[in-house]
Novice: 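Please see the structure below; I have some questions.
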Amino acid sequence: MSGKRHGWQAEAMRHHGEKPRADDARGAGPGERPHRGPGLLPPLPVPGRGTQLISLDGRVLTLTNLDKPIWPREGYTKFDLINYYFRVSGFILPHLAGRPLSLKRYPNGAGAPFFFQKRAAPETPAWIRTRRIKHADTGESIDYIICDDVSTLLYLANLACISQNPWLSALPELDRPDILALDLDPSDPDDFEGCIQVALLVKRQLDRFGITGYPKTSGATGLHVYLPIRPAYTYGQCRQFAKIIALLCREERPDLITLESSVSRRGGKLYLDYMQNVKGKTLASVYSVRARTGAPVSTPLKWDEVQPGLRPADFTMENTPARLTAAGDLFAGALAGGHDLMRAVTRAERMLS
DNA sequence: GCTATGC
DNA sequence: GCATAGCAACGCGTG
DNA sequence: CACGCG
Ligand SMILES: [Mn+2]
Ligand SMILES: [Mn+2]
């Protein structure tokens, strides 16, 4: 992965004269250090209050306002958010690596106003990887943040970045997505059962083509299905194929599904959004937390979990570490290798008409 | 969350 | 010192 | 062309 020798080992350093505490150095002994690997990391070895310095990846990171409530009703603080991302970093980082990000930030808490940030701010430390990307027509460019390591991940979390939204394409192929996303958006936020039915419909279509799709909760009201694809085709080509799948699904259940871009014409049906497959558009990353009640997490699912009774609110910042220990990264396959879109399109077009 | 500004 | 404001815009489909 | 959308 990062090739850094420091691994997870973090050294807490005291900030302006705070008194030493007995538990400060927990786990810091060289002999008892868990090794870095695909697994969960232990809790972040710093006190969950005030300002703390921590050394990660050989960089010194300042974590501020750690006891600030971010989910006040749940009692979750900024420390809890940072600690979550630290613990799951080995699982989320492969899904962020090399992808320009839109950050969704909530400096005053999950219930307060948010803002998106795509441009790296001037004060961004030099060790944060950025990539200057030119806008298509206007020669303007944006320095996007790219999160390849745990130090960057925690820097972002300290900015109250609750959700990281990565592109569907990764370096070096920014114009050729390696993920095709189907975004299932219920018109009725409470109709998750309908969403489940549509997801199963999507799977049935994918099965016809021999394509593997990977489902996850969005963490909000819907589901995402990701198709790993070889980064050989343009966003336009991917979108065309996504539209074919969407059309086939709507053909089967026009009573449940709409492809209507106008909200007012959706008639309460689920919007099967294939239009996310556009350069620069993003979805909340897998394992990303959402600024909603209970701190839900966008969670990979096994297809046999996609059935009535599934509830996205059941997957949270609190219980995701345990699920990862038990199930591992169910989305690993969404990154490994990809379908050849061309063969799939040929097969699909034959079926459509 | 952080910086830049204007009072 | 205090109160503010900015922090994403854009590619696409449709009318 | 201007919208609306995410
Ligand atoms: Mn969605
Ligand atoms: Mn959508």
Side-chain angles (χ1 to χ4, degrees), chain A residues 50-52 61-70 77-79 81-82 85 99-110 112-125 128 130-145 152-169 174-175 177 181-187 189 218-224 234-244 246-247 250 258-267 269-284 290-291:
Chain A
T51 293
Q52 309 292 335
L61 194 49
T62 306
L63 304 177
T64 57
N65 289 323
L66 290 173
D67 39 11
K68 179 169 186 167
I70 300 294
T77 63
K78 192 143 77 84
F79 173 85
L81 180 70
I82 296 169
Y85 280 121
R99 300 176 190 275
L101 290 178
S102 277
L103 314 177
K104 203 171 180 186
R105 295 181 51 191
Y106 298 76
N108 291 308
F114 67 88
F115 62 93
F116 284 103
Q117 176 182 348
K118 42 210 310 192
R119 222 172 278 273
E123 68 271 18
T124 305
I128 300 268
T130 62
R131 179 74 171 210
R132 181 158 301 171
I133 297 171
K134 282 191 294 280
H135 179 248
D137 319 310
T138 80
E140 308 281 301
S141 60
I142 292 181
D143 291 329
Y144 280 89
I145 289 174
T152 300
L153 184 63
L154 298 202
Y155 175 82
L156 299 180
N158 184 63
L159 297 178
C161 172
I162 294 180
S163 307
Q164 308 87 0
N165 299 29
W167 283 22
L168 299 172
S169 51
L174 291 182
D175 289 312
L182 294 169
D183 177 21
L184 282 59
D185 289 336
S187 287
S218 75
T221 63
L223 291 167
H224 300 152
T234 65
Y235 273 98
Q237 291 170 309
C238 292
R239 190 166 58 250
Q240 282 177 38
F241 183 59
K243 182 174 186 176
I244 289 170
L247 284 167
R250 189 193 53 177
T258 178
L259 307 186
E260 196 58 69
S261 75
S262 161
V263 170
S264 59
R265 283 179 217 155
R266 288 183 190 164
K269 301 174 190 173
L270 180 141
Y271 177 47
L272 185 42
D273 182 3
Y274 63 89
M275 286 293 301
Q276 281 300 125
N277 298 282
V278 170
K279 188 178 185 184
K281 278 192 181 292
T282 61
L283 293 166
R290 309 305 301 274

Novice: OP1 or OP2 of C:dA8 sitting under 4.0 Å from any side-chain N/O of A:Arg119?
Specialist: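 For C:dA8, OP1/OP2 do have a side-chain N/O of A:Arg119 under 4.0 Å.
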Novice: Just so I know, are the side chains of A:Leu156 and A:Leu103 near enough to count as touching, which here means a heavy-atom distance under 4.5 Å?
Specialist: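 They are in contact (side-chain heavy atoms under 4.5 Å apart), so the answer is yes.
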Novice: Has A:Asp273 got a side-chain atom pairing as donor or acceptor with A:Asp185's backbone, closer than 3.5 angstrom?
Specialist: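 Such a contact is absent between A:Asp273 side chain and A:Asp185 backbone.
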Novice: Give the intermediate values and the outcome of side chain to side chain contact (heavy atoms under 4.5 Å, CB included) for residues A:Glu140 and A:Lys134.
Specialist: CA-CA 6 Å; A:Glu140 308 281 301; A:Lys134 282 191 294 280; over 6 Å; no
Novice: A:Ile162 has an atom CD1; how far is it from atom P of C:dC7, in whole Å?
Specialist: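 Atom-to-atom, A:Ile162 to C:dC7, this comes out as 21 Å.
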Novice: Give A:Asp185 one of three labels, base, sugar-phosphate or nothing, depending on what nucleic acid heavy atoms sit under 4.0 Å from its own.
Specialist: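 Result for A:Asp185 = nothing.
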Novice: Looking at A:Asn158 and A:Tyr155, would you say the former's side chain and the latter's main chain have a donor-acceptor pair under 3.5 Å?
Specialist: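 No; zero donor-acceptor contacts below 3.5 Å.
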Novice: From the set B:dG1, C:dC12, D:dG6, return the single nucleotide nearest to any side-chain atom of A:Asn65.
Specialist: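 Closest nucleotide to the A:Asn65 side chain: B:dG1.
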Novice: Measuring only the P atom in each nucleotide, how far is D:dG6 from C:dC7? A whole number of Å is fine.
Specialist: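 Looking at atom P only, D:dG6 and C:dC7 are 23 Å apart.
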Novice: For A:Thr282, which contact category applies under a 4.0 Å heavy-atom criterion: base, sugar-phosphate, or nothing?
Specialist: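 Here A:Thr282 touches no strand at all.
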Novice: By the 4.0 Å heavy-atom rule, please label A:Lys68 as base, sugar-phosphate, or nothing.
Specialist: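 It contacts sugar-phosphate atoms only.
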Novice: Measure from the side chain of A:Ile70, starting at C-beta and using heavy atoms only, and say which of C:dG11, C:dA8, B:dG1 lies closest.
Specialist: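 Taking heavy atoms from C-beta onward, the closest nucleotide is B:dG1.
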Novice: Rounding to an integer number of angstrom, what distance separates C:dA8 and D:dC5 when you compare their C1' atoms?
Specialist: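 It comes out at 14 Å once rounded to the nearest Å.
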Novice: What is the distance, rounded to the nearest whole Å, between atom NE2 of A:His224 and atom C1' of D:dG6?
Specialist: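 Distance, rounded to whole Å: 11 Å.
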Novice: If you check the A:Phe115 side chain, which of D:dG6, B:dC2, C:dC7 turns out closest?
Specialist: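 Out of D:dG6, B:dC2, C:dC7, the nucleotide with an atom closest to A:Phe115's side chain is C:dC7.
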Novice: Which part of the nucleic acid, if any, lies within reach of A:Leu103 when heavy atoms closer than 4.0 Å are counted: base, sugar-phosphate only, or nothing?
Specialist: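 If one applies the 4.0 Å heavy-atom cut-off, A:Leu103 turns out to touch nothing in the nucleic acid.
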Novice: Taking CZ from A:Arg105 and C1' from C:dG6, how many angstroms apart are they, rounded to a whole number?
Specialist: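 From A:Arg105 CZ to C:dG6 C1': 11 Å.
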Novice: When the distance from CD of A:Glu140 to C1' of C:dG11 is rounded to whole Å, what number comes out?
Specialist: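 Those two atoms, CD and C1', are 16 Å apart.
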Novice: Counting heavy atoms from C-beta on, name the nucleotide in C:dC12, D:dG6, B:dC2 closest to the side chain of A:Asp273.
Specialist: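 For the A:Asp273 side chain, the nearest candidate turns out to be D:dG6.
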Novice: Whole angstroms only, please: what is the NE2-C1' distance between A:His135 and C:dA9?
Specialist: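 Atom NE2 in A:His135 sits about 8 Å away from atom C1' in C:dA9.
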Novice: Counting only side-chain heavy atoms from C-beta out, which of C:dG13, C:dC10, B:dC2 sits nearest to A:Thr64?
Specialist: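 My answer, after comparing the listed nucleotides, is B:dC2.
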Novice: Rounded to the nearest 0.5 Å, what separates atom SG in A:Cys161 from atom CD1 in A:Ile145?
Specialist: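 Rounded to the nearest 0.5 Å, the SG-CD1 separation comes out at 8.5 Å.
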Novice: Let me know the distance between CZ of A:Phe114 and P of C:dC7, rounded to the nearest Å.
Specialist: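 Going from CZ in A:Phe114 over to P in C:dC7 covers 15 Å.
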Novice: Classify A:Asn158 by what it touches in the nucleic acid, base, sugar-phosphate, or nothing, heavy-atom distance under 4.0 Å.
Specialist: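 The residue A:Asn158 makes sugar-phosphate contact but no base contact.
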Novice: Students often get this wrong, so: under 4.0 angstrom with heavy atoms, is A:Lys243 touching a base, only sugar-phosphate, or nothing?
Specialist: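 It contacts nothing in the nucleic acid.
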Novice: Just checking A:Arg239: base, sugar-phosphate only, or nothing, at a heavy-atom cut-off of under 4.0 Å?
Specialist: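 It contacts sugar-phosphate atoms only.
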Novice: Nearest to the A:Met275 side chain among C:dA9, B:dG1, C:dG13, which nucleotide is it?
Specialist: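 Of all the options, the side chain of A:Met275 is nearest to C:dG13.
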Novice: Rounded off to whole Å, could you give me the NZ-to-C1' distance for the A:Lys281 and C:dA8 pair?
Specialist: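 A:Lys281 atom NZ is separated from C:dA8 atom C1' by 11 Å.
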Novice: Closest-nucleotide mapping onto DNA chain C: is A:Arg265 or A:Lys279 further toward the 5' terminus? I mean the 5' end.
Specialist: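 The 5'-side residue here is A:Lys279.
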Novice: Under 6.0 Å from the six-membered ring centre of A:Phe115 and within 45° of its axis: does the NZ or CZ of A:Arg105 meet both?
Specialist: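 Not flagged: A:Arg105 not positioned over aromatic ring of A:Phe115.
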Novice: Just the rounded figure in Å: distance from C1' of C:dA5 to CZ of A:Phe116.
Specialist: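 Whole-Å distance recorded here is 19 Å.
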Novice: Among B:dC2, C:dA9, C:dG11, which nucleotide sits nearest the side chain of A:Val278?
Specialist: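 Output: C:dG11.
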